[in-house]
Each structure stands twice: as C-alpha cells, then as structure tokens.
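Right, one structure below, let's go through it.
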Amino acid sequence: MEKGRREAKKPNYSSSSPDEQRRLRSNNFHSNRSENNAQVSKRGSTCSSNTLDENYGQSQDSSNLPSLVGTCLDMCPARERAQRERLRDLSVFERLNGNPGRTSPSLAVKKFCRTMSTTHIQASDVRPLPVLQGTLDYLLSLLDSSEHPFDVVHDFVFDRTRSIRQDLSMQNIVNDQAINMYEEMVKFHIISHHKLLRCSSNPNISSAHYLNMEQLTKSLLSLYDLYNANRKFNSINRNEAEFLSFYVLLHLGFNGESMGESLSTWFRLQPSSVTKSKEMRFARKVLRFFRVGNYKCFFSTIASEASYLQFCLMEPFINEVVLDKCVGCFAKKKTFYVPVP
C-alpha cells in the first residue's frame, strides 16, 4: 500500500534481542567495508553546483571549497564515537546491550553538527559515498521497528539523515547515486509528515512536525539542484516529475512567494517534459481547486489520481478542508435548547 516506501528483503530478527537485531541489520554494511574502500575514488564524482546542504546554513559555490574525500569506513567516526561514549551521549538505538555509555561501530551513527566547517574537518571524520549509502540503508531499516514509538524512531533517523546530507555536501558529491539517496530521504520526510500526525500522545509532536516539514523543504530544494546539475541534454531523471510535484503541493499551505521565487516563475524554468507530466498536471489541478475553493473537484481529483506520497503530503490540507466544512455545516444547523425548569 505504501507506494513510496522502499521494499527490501530483510532477515528474520524475531528470535534476537533488540540490540542484536540492530547489529544484524548493519551486517551488510560492515561486511562490505573493504569493497567500499576500493570504490571511494570511483563513485564520488563532483560538479560545480550549489548543493551545500546543512553546512554553513546556506549554499556556497563549490569552486571556493577545498577538495575533500572522506575516508571514514564506519557509520560513525571513531573519534566521535569515543567522545560520545565518555559523555554518555548515545541514542537508545546506539547503546550496546542497553548501556548508555557503550556503543559499537555497528550501532553508532554520526550525529549532525551545525557548526561543522570544511576548512577544519578531517577526512577521517567524513564518510565516503558507499559508506553513506550503507548508513542510509541501515537507518531506513529502523523505520520498520515496532520496539519504539514512531516519534522516537523519527527523532533518531531525522538527525542522522541530516548528517548524511552534510557529508554529501562537504564532498560536493553530485551524481545519480546522490540523487537516489536524496529521493529516499525526501520519502522519509513525507511519510513522517503523515505518521507524525498520529503521534498525539507526545506533547512535543507539533514541534517535531514543524521541523520535519522544514527539512523536507530543504531536502527537496537540494534535490532539485542535483537534478539540474545532472541533467544531460533535454533528458530528465525518471523520478524528477514526481518529486517536483511535491514542491508544488507544498504550496497548498503557503502563498506564492513564501518559499522563494513565485510559483509561476518556477514553472517557466522547468523542462516541458516535467510541466506536461501527469504528476505535475495533477499537482497544478489540486492547487488550483484548493485556492478557488472548489472542494468537490479537489477531493475527486485526489481520490482518483493521487499517489501514496502525494496523499501523505496533502493530508493536513485535506483534514483542514474537512474540518472547515464540518464546522460550517454545524454552525448552519445548530439549534439552541433551553432546559425546562
């Protein structure tokens, strides 16, 4: 049913302890370390594009950046791992046998660091592309866990995927594999957008929902830079139309200028193959019906044409329309009853 989720064959962990399950999930990643080391110089092609995501808080021209190729072959650099053990700064997913002061290379994942700079970072603290791919696969496998509430899993994956984007940006990796990774991270944020709405027991869920939407927008904008940097002649990436439609659907909750350039200007910059795609035609119709208040066509179009990911993204706006209509109907039919003394 969840059309946008990755489908991967996973071993049966039911007979293992939770910590052992997490170690088993990362076996594929660690068994390929020597192979990954040989691939570092082959798979990290770069391009002079503004794709620095989460580095200084803004994009910078890659021509001004030092050349950097990461050499860390673990999901978390050894130096950070040792420091976080000393500080007992370990997520519940990283603790060895539940010990908040002990972890291992198969459990620890590099945290996002807001103050990280390419001028001071060491190559041994940065993960190359094959390691980043293995780390992302491991993180996404945790989303199937039933051991913890979704908001707890989301909090961990949310931070660690930001760190993956940061490592990609510092190395200025701009290729098809980076595009695929960004697409998976965008899917994570969209599905989280849907699932976090159901975590009402957490008093901080509104903050988590807001931050998730913020990173969804940032990830989408970085993904579009990657699409543009990798575009060859007039061809487009096979998923580009679908992911560009997400950007349009986000405007259901914003005015035309609040996400940067006007949407009409943005449309003129897109290839005709994108603007004429069924995904983009759907997004534009839904946006038009929503803005003019034609909710009958709004709902019928969603019911007949929306993909799973598109529905997840639009769900809060659908709920908003339903609530407004129900309140309106109630106000029209409301009768005041006076109790008989």
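Note that the structure is predicted; figures quoted are calculated from it, not measured.
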query: Got a sec, which residues hit ring pair (Phe, Tyr, Trp, His ring centres under 6.0 Å) with Tyr224, two or more places apart in sequence or on another chain?
result: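 By the ring pair (Phe, Tyr, Trp, His ring centres under 6.0 Å) rule, Tyr224 matches Tyr247.
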- request: Can you sort out the partners of Phe156 under ring pair (Phe, Tyr, Trp, His ring centres under 6.0 Å), two or more places apart, ordered by chain and number?
  value: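 Phe156 satisfies ring pair (Phe, Tyr, Trp, His ring centres under 6.0 Å) with Phe93 only.
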query: Between the side chains of Ser219 and Arg165, does any donor sit under 3.5 Å from an acceptor?
result: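 Result is yes, a qualifying pair exists.
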query: Do Gln133 and Asp137 have a side chain donor and acceptor closer than 3.5 Å?
result: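 The answer is yes; a qualifying pair exists.
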Is there a donor-acceptor pair closer than 3.5 Å between any side-chain N or O of [X] and the backbone N or O of [Y]?
X	Y	result
Asn97	Asn99	no
Gln270	Trp266	yes
Arg102	Leu96	no
His194	Leu313	no
Arg127	Asp167	no

Closest contact, heavy atoms only, [X] versus [Y]:
X	Y	value
Gln171	Gly70	OE1-N, 2.8 Å
Phe158	Asn212	CE1-CA, 3.8 Å
Ile173	Leu226	O-CD2, 4.1 Å
Cys72	Val131	O-CG2, 3.7 Å
Met314	Ile302	CE-CG1, 3.9 Å
Asp151	Ile205	CB-CD1, 4.0 Å

- prompt: Phe317 vs Phe290 aromatic rings, parallel, tilted or perpendicular, using cut-offs 30° and 60°?
  reply: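 The arrangement is perpendicular - the two ring planes meet at more than 60°.
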- prompt: Would you call the rings of Phe243 and Phe246 parallel, tilted or perpendicular, where under 30° means parallel and over 60° means perpendicular?
  reply: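 The arrangement is perpendicular - the two ring planes meet at more than 60°.
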[X]: which residues meet the salt bridge (charged side-chain N to carboxylate O under 4.0 Å, His left out) condition with it, sequence neighbours left out?
X	answer
Glu80	Arg84
Glu315	Arg198
Arg281	none
Lys276	none

Who are the side chain to side chain contact (heavy atoms under 4.5 Å, CB included) partners of [X], not counting sequence neighbours?
X	result
Arg288	Lys285
Arg238	none
Ala241	Ser277, Glu279

field: Summary of salt bridge (charged side-chain N to carboxylate O under 4.0 Å, His left out) pairs that have at least one residue in residues 152-161, sequence neighbours excluded
entry: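 Qualifying pairs: Glu94-Arg160.
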task: Sequence neighbours left out, what passes side chain to side chain donor-acceptor pair (under 3.5 Å) with Asp89? Give chain and number order.
output: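 In terms of side chain to side chain donor-acceptor pair (under 3.5 Å), with neighbours along the sequence ignored, Asp89 is linked to Lys111.
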task: Using side chain to side chain donor-acceptor pair (under 3.5 Å) as the criterion, list what pairs up with Ser264, not counting sequence neighbours.
output: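 Result, side chain to side chain donor-acceptor pair (under 3.5 Å) vs Ser264: Ser262.
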query: Say you draw a straight line from CG of Leu244 to CZ of Phe267; how long is it, rounded to the nearest 0.5 Å?
result: 9.5 Å
- prompt: Are the side chains of Leu309 and Ile191 in touch, meaning some heavy atoms are under 4.5 Å apart?
  reply: yes
message: Between Thr71 and Ser124, is there a side-chain heavy-atom distance shorter than 4.5 Å?
response: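 Of all side-chain heavy-atom pairs linking Thr71 with Ser124, at least one is under 4.5 Å.
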